[in-house]
Structure formats: C-alpha cells, structure tokens
Amino acid sequence: MDGVTVTGVRGRARIVARADGRGGTALPVLDGEGPLAPRRTRSAGAEARVMVVGAMSGPLGGDRFTLDARVEEGARLHVGSAAATLALPGQAKGEARYDVRLEVADGAELHWLPEQLISAGGSDLRVTTRADLAAGARCVLREEQVLGRAGETPGRLTSRLTVRVAGRTVLDQELACGPGAPGGWDGPAVLSGRRAVGQLVVVRPEFADGPVAARMLGECASLVPLAGPAVLVTAVAPDALRLRGLLDEALAGLG
Amino acid sequence: MSRAALLVLADGRFPAGGHAHSGGAEAAVRAGRVTDAPSLEEFCRGRLHTAGLVAAALAAAAVLGADPGELDAAADARTPSPALRAAGRRLGRQLLRAARATWPSAELDAVARRFPKGTHQPVVLGLAARAAGLAPEDAAHCAVYESVSGPATATVRLLSLDPFDAAGVLARLAPELDRVADCAVEAARRAADEGADALPAASAPLLEVGAEWHAGWPVRLFAS
C-alpha cells in the first residue's frame with residue numbers, strides 16, 4: 001500500500017479555500033492521502049465546511065501526518081474532525097508526528113475546531129500546529145489534549161502551538177506530558193493530576209484597538225489578551241467533557 | 001571571566017527586586033497544590049522544566065549577542081499571561097538599574113534607552129552577565145536557579161516551611177538544574193543560527209492560569 005514505510009505511515013491532507021466570487025467559498029484543493037481524508041460537508045452561508053475523517057487508526061509510533069490548510073483572501077473555512085484523534089503505540093520505533101500548517105489571508109476567516117487528541121498508554125506523539133495569519137485575518141483555533149483513555153496512564157505527548165499575525169509571533173507554547181516528559185509535568189505547576197488541557201486562540205483585527213480584559217473562568221482556566229490582536233483561553237480540567245464546557249463558554253463570551 | 005561575578009549576579013541579595021516575587025508559589029499554596037516539601041519540590045521541578053528552561057535559553061541567547069528586541073518578542077509570545085508579562089518587565093527594569101550601576105556598559109545603557117518600559121528579566125539577566133564578562137552557561141545557570149529558588153524561599157514564608165527543608169529541595173534539584181541549563185545553552189546556540197523560533201517554548205498551564213488568579217487578589221504577600 002502506498003504511503004506505508006518500514007518506519008510508519010505517511011499521511012498528508014491539503015485544503016485550499018477560495019472566495020468563489022458569489023459570496024461563498026470554494027474548495028479548489030481538498031485531498032488527502034493515507035489516513036487523513038478531508039470531506040466537504042454542508043456549507044453554512046459564506047462558509048465552507050470540511051470534516052477530517054481518520055481513515056485508519058493512529059497516529060501510531062513512527063507515523064508522520066501533515067495537514068495543510070490555506071484560506072485565501074475573503075474566503076471562510078470551518079474545519080472539524082469526525083472523531084477524536086487517538087495516539088496509539090505502534091510496531092515501528094520512534095515517535096509519531098502530526099504537523100498542522102494553517103494560513104489565513106487578509107479578509108479571510110478560519111475556524112479550526114478538531115475533536116480532542118487522546119494520548120493512549122504507550123503512545124509517543126509530537127504535534128506541531130502553526131498558524132500564519134495576515135494582519136486582517138480572523139481565526140478561532142482550538143486544541144484539546146486528553147491524557148489517557150478512561151483510567152489509563154497516558155502516553156508521551158508533546159504539543160507545540162505557534163500563532164503568527166502579520167509575521168509576528170503572538171503565541172509560542174509547548175506542552176510536554178506523560179512518561180518520559182521532563183519532570184514535574186503532572187505536578188502543582190503544570191497539570192496537578194488533571195487529565196485534560198486545552199487552548200483556544202481567537203484572533204480578530206479589532207482586538208488591536210480594543211483588547212479584551214483578562215479574566216478567570218473558574219479555578220483552573222483563564223482568558224488573556226496576548227501581545228497582539230489575539231486572546232488565549234487556557235483550561236485545565238479533570239476530563240474532556242468539562243474541558244470542552246470551559247472552552248465553549250469562553251468562546252460564547254467573546255460574542 | 002570571573003567566577004565571583006557569577007556569585008554577585010546570582011546572589012539573592014543582589015538588589016534587583018526578585019525577593020518580592022514568589023514565582024507562582026503564592027497562588028499554588030492558596031490553591032492547596034503546594035502544602036509541604038515534597039509538593040514544593042514537584043512544583044519547582046515543573047517550573048524548572050518550563051519557565052526555567054525558557055528563561056535560561058533567553059538569557060543565554062542574550063549573552064551570545066542575540067538582538068534584545070527579538071528576544072523580548074520571543075519572551076512575550078512564550079508568556080501568555082499579561083500579569084506575568086508585566087512582572088517580567090518590572091523585574092527586568094529593576095535588574096537593569098542594578099546591573100548598570102554594578103557593571104557600567106554602553107550596551108546596558110542602550111538597552112535602557114531602547115526599552116523605556118523595560119524588557120523581560122531573562123533578557124536583561126543575559127545582558128548583565130555579558131556586561132560582567134560571564135558566559136552563556138553562567139547566565140543559564142543563574143536563570144534556572146532563580147526559577148526554583150524564588151518559589152522555595154517564598155514557600156518558607158507562605159507555609160512556615162522549615163528553611164532546611166526548602167534548602168534540601170533545591171539541593172535535590174541541583175543535577176536537574178545543570179541539565180536544564182545545558183539544554184538552554186544548546187538551544188540558544190541553535191537560535192543564533194536559526195532565529196528565535198529555535199528557543200524552547202515549554203509552558204506550564206497552571207502557572208499561567210494561577211498568575212492571572214493571583215493578580216486579581218486584593219491582598220497578597222508577593223507581587224507575582
């Protein structure tokens with residue numbers, strides 16, 4: 001089978017969203033190979049909707065997935081996933097990688113709202129998500145990490161999230177957890193035994209003139225203005241359900 | 001280079017205002033997450049591998065001559081909490097004042113002119129080390145040590161923890177401090193070729209969230 005190597009599976013998906021000139025959004029590129037399959041679903045107004053379907057299980061050890069999405073000027077794209085992504089241990093040695101590259105042009109909008117990433121026991125996954133936004137771009141980006149299935153010791157997960165607006169990095173954060181991660185990851189400074197952690201980044205040009213005030217969202221979550229036209233919600237919760245509740249509430253509160 | 005200059009810079013009594021900050025320990029104690037020496041040790045270990053590593057890499061990069069403006073922006077991007085960004089700049093301003101008086105240099109004067117509102121403390125720490133003739137390794141060691149000594153000292157006051165227990169925590173962390181400082185210097189050297197993106201970005205969600213919670217208290221013992 002194509003894309004399967006001795007070291008693991010290669011998967012690549014590409015999405016390009018373009019304004020169709022009639023107030024809607026076309027998807028001139030929508031393809032996936034290997035385990036990542038992006039599918040167009042119903043559109044809502046000007047927005048094109050894509051669902052990423054995992055056609056195989058994984059990522060497994062040694063796999064390498066990449067997903068590129070580009071939203072061109074004036075287009076609106078919403079990307080979700082059909083199910084949670086489950087990182088599992090594999091036959092191949094070494095860590096799995098999942099690299100997501102997002103580009104949003106002036107006057108374009110991207111909602112990047114995949115389901116949770118679950119780090120199953122024995123897995124070893126490195127995820128990077130990098131969003132490059134033009135000065136006039138809008139974006140909502142959510143990432144949720146769940147450490148282990150119910151009652152399970154998690155695998156190793158390293159996740160780096162970088163957001164750039166007009167060439168300037170407004171957020172660069174990496175979270176490493178699970179067995180083999182640097183010490184203290186489960187301690188009182190980092191996760192304190194909680195098993196779900198998430199980030200929600202909202203970028204809007206108008207935040208440059210009217211920044212949002214920082215506020216707490218319960219005991220272990222906060223909404224803060226970044227050093228740029230963006231806000232970040234950081235939430236740590238006992239489980240995926242309560243984490244999603246916190247992030248949804250924060251997004252609704254931004255209007 | 002002078003080994004004694006490192007002791008001057010790393011001394012907790014160096015007049016740079018660090019004693020007023022708990023490094024997140026005050027919030028962690030109030031939340032009931034730090035209650036004794038073992039939980040303090042885990043707190044410090046987590047802070048070391050996140051905020052400590054990032055601070056050490058920024059400081060080492062500053063010693064190596066990276067542009068302070070780029071490092072300041074890199075520190076901003078790695079510090080989502082506005083309370084922590086403000087604390088980092090305030091500490092940077094105070095350290096810069098002390099460093100300019102201690103190791104007068106044209107480079108430190110230029111930084112003071114360029115950043116009237118202050119730049120992040122680890123960047124200034126690196127520039128101060130440079131002015132004192134110290135190496136990137138020295139600045140990194142200084143930064144990793146500060147990342148744990150601040151919370152340890154604060155917890156002695158916050159919990160009336162036995163100071164001997166706090167010193168024991170720091171001593172047990174020492175080999176890890178060395179390793180993190182080495183990683184930081186390695187990353188700083190990589191950043192000299194590849195740019196600030198190569199600097200580590202390790203984050204601690206509860207430190208970030210706790211800092212915002214702490215900043216909203218009407219009364220607190222420490223500034224951060």
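The sequence lines fix the lettering, A, B, ..., with proteins before strands; numbering per chain opens at 1.
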TODO: Name the member of B/Glu176, B/Glu208, B/His49 that forms the most heavy-atom pairs with chain A at distances under 4.5 Å.
DONE: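 Between B/Glu176, B/Glu208, B/His49, the count favours B/His49.
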
- [ ] Find the distance between CG (A/Asp239) and CD (A/Gln116) and round it off to the nearest 0.5 Å.
- [x]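 Taking CG in A/Asp239 and CD in A/Gln116, the distance rounds to 10.0 Å.
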
- [ ] Calculate, to the nearest 0.5 Å, the distance between atoms CG and CD belonging to B/Leu207 and B/Glu212 respectively.
- [x]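 The CD atom of B/Glu212 is 12.5 Å from CG of B/Leu207, to the nearest 0.5 Å.
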
Would a distance-only check, ignoring hydrogens and angles, find a side-chain to backbone donor-acceptor pair under 3.5 Å from [X] to [Y]?
| X | Y | answer |
| --- | --- | --- |
| A/Arg10 | A/Asp63 | no |
| B/His214 | B/Gly210 | no |
| B/Ser81 | B/Leu84 | yes |
| A/Ser81 | A/Ala83 | yes |

Task: Close approach to chain B in residues 139-169 of chain A, criterion heavy atom under 4.5 Å - done: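 Result: A/Arg160, A/Arg164, A/Thr169.
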
[Y] versus [X], side-chain donor and acceptor atoms under 3.5 Å:
| X | Y | answer |
| --- | --- | --- |
| A/Thr234 | A/Gln199 | no |
| A/Arg101 | A/Thr128 | yes |
| A/Glu109 | A/His111 | yes |

If you count heavy-atom pairs within less than 4.5 Å of chain B, which of [options] leads?
| options | answer |
| --- | --- |
| A/Val170, A/Val231, A/Val197 | A/Val170 |
| A/Gly187, A/Ala235, A/Ala221, A/Ala176 | A/Ala221 |
| A/Val224, A/Leu232, A/Val190 | A/Val190 |
| A/Ala227, A/Gly183, A/Pro182 | A/Gly183 |

- [ ] Just say parallel, tilted or perpendicular for the rings of B/Trp217 and B/Trp213, cut-offs at 30° and 60°.
- [x]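 Geometry flag for B/Trp213 against B/Trp217: perpendicular rings.
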
Open item on the list: Sub-4.5 Å heavy-atom contacts with chain A: which residues of residues 178-198 of chain B show up?
Closed with: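 Contacts with chain A: B/Asp197.
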
TODO: Return yes when atom CZ of B/Arg97 has more than 12 non-hydrogen atoms of other residues, nucleotides or ligands closer than 6.0 Å, and no otherwise.
DONE: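 No.
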
Open item on the list: Are more than 12 heavy atoms, taken from residues, nucleotides or ligands other than A/Tyr98, located less than 6.0 Å from that residue's OH atom?
Closed with: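 More than 12 heavy atoms, drawn from other residues, nucleotides or ligands, come within 6.0 Å of this atom.
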
Open item on the list: Exactly one of A/Arg12, A/Arg130, A/Arg64 should register a salt bridge (Lys or Arg N to Asp or Glu O under 4.0 Å) with A/Asp99. Which one does?
Closed with: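 The passing option is A/Arg64.
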
- [ ] Sort B/Arg85 into side chain, backbone, both or neither according to what part of it lies under 4.5 angstrom from a heavy atom of chain A.
- [x]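 Only the side chain of B/Arg85 comes within 4.5 Å of chain A.
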
TODO: Measure distances from B/Leu199 to the heavy atoms of chain A and classify the residue's part below 4.5 Å as side chain, backbone, both or neither.
DONE: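 Only the backbone of B/Leu199 comes within 4.5 Å of chain A.
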
